Amino acid sequence: MVNPTKDDVGRSVVYTGNRYPGGKLEEGVITSFNDYCVFVRYGADKGSKGTSRADLEWVAHNTQERG
């Protein structure tokens with residue numbers, strides 16, 4: 001689960017909502033957020049998709065960089 005702030009816009013996250021066996025993890029970048037969801041641009045998509053905070057995790061290499 002992520003709880004972004006305005007400083008996290010542009011930060012990488014991974015979608016973990018497909019937690020069933022064989023489910024894909026998708027990496028994306030936070031473009032904005034509101035009280036209800038986080039908007040993430042996944043892969044080569046041109047637009048962002050609203051995603052639940054509970055279905056997102058920070059990408060590990062960004063966490064280390066910000067350390």
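Just so it is clear, the values below take in all heavy atoms, side chains as well, and ignore hydrogens, waters and symmetry mates. Sequential numbering from 1 along the given sequence is applied to the chain's residues. Bear in mind that the values here come from a model prediction, so they are computed numbers and not experimental data.
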**Spatial distance of atom OG (S52) from atom OH (Y15) [nearest 0.5 Å]** =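 It is 8.5 Å, given to the nearest 0.5 Å.
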**Request:** Supply the atom-to-atom distance W58 CH2 to N3 CG, rounded to the nearest 0.5 angstrom.
**Result:**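 The CH2 atom of W58 sits 8.0 Å away from the CG atom of N3.
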**Request:** Treating Ile, Leu, Val, Met, Phe, Trp and Tyr as nodes and any side-chain heavy-atom pair under 4.5 angstrom as an edge, say whether V2 and V29 lie in one connected cluster.
**Result:**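 Hydrophobic grouping puts V2 apart from V29.
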**Request:** Consider only side-chain heavy atoms of I, L, V, M, F, W and Y, link residues closer than 4.5 Å, and tell whether F39 and V9 are in one cluster.
**Result:**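 No; V9 is not reachable from F39 via cluster members.
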**Prompt:** Just wondering, do V40 and T31 contact through their side chains at under 4.5 Å, heavy atoms?
**Reply:**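 They are not in side-chain contact.
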**Prompt:** Going by heavy atoms in the side chains, are E27 and S12 under 4.5 Å from each other?
**Reply:**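 Result yes, sub-4.5 Å side-chain heavy-atom pair found.
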Please report the shortest heavy-atom distance between [X] and [Y], naming the atom on each side.
{"X": "G50", "Y": "C37", "answer": "CA-SG, 3.9 Å"}
{"X": "R53", "Y": "Y36", "answer": "NH1-C, 3.8 Å"}
{"X": "P4", "Y": "V38", "answer": "CG-CG2, 3.8 Å"}

For the pair [X] (side chain) and [Y] (backbone), establish whether a donor and an acceptor sit closer than 3.5 Å, ignoring hydrogens and angles.
{"X": "E57", "Y": "M1", "value": "yes"}
{"X": "D8", "Y": "T5", "value": "yes"}
{"X": "T16", "Y": "D55", "value": "yes"}

**Prompt:** Are a donor atom and an acceptor atom from the side chains of Y42 and T51 found within less than 3.5 Å of each other?
**Reply:**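 Short answer, yes.
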**Prompt:** side chain to side chain contact (heavy atoms under 4.5 Å, CB included) between V14 and L56: does it pass, once the steps are laid out?
**Reply:** CA-CA 6 Å; V14 65; L56 294 171; over 6 Å; no
**Message:** Show me the pairs that pass salt bridge (Lys or Arg N to Asp or Glu O under 4.0 Å) and involve residues 30-46, at least two apart or across chains.
**Reply:** D45-K49
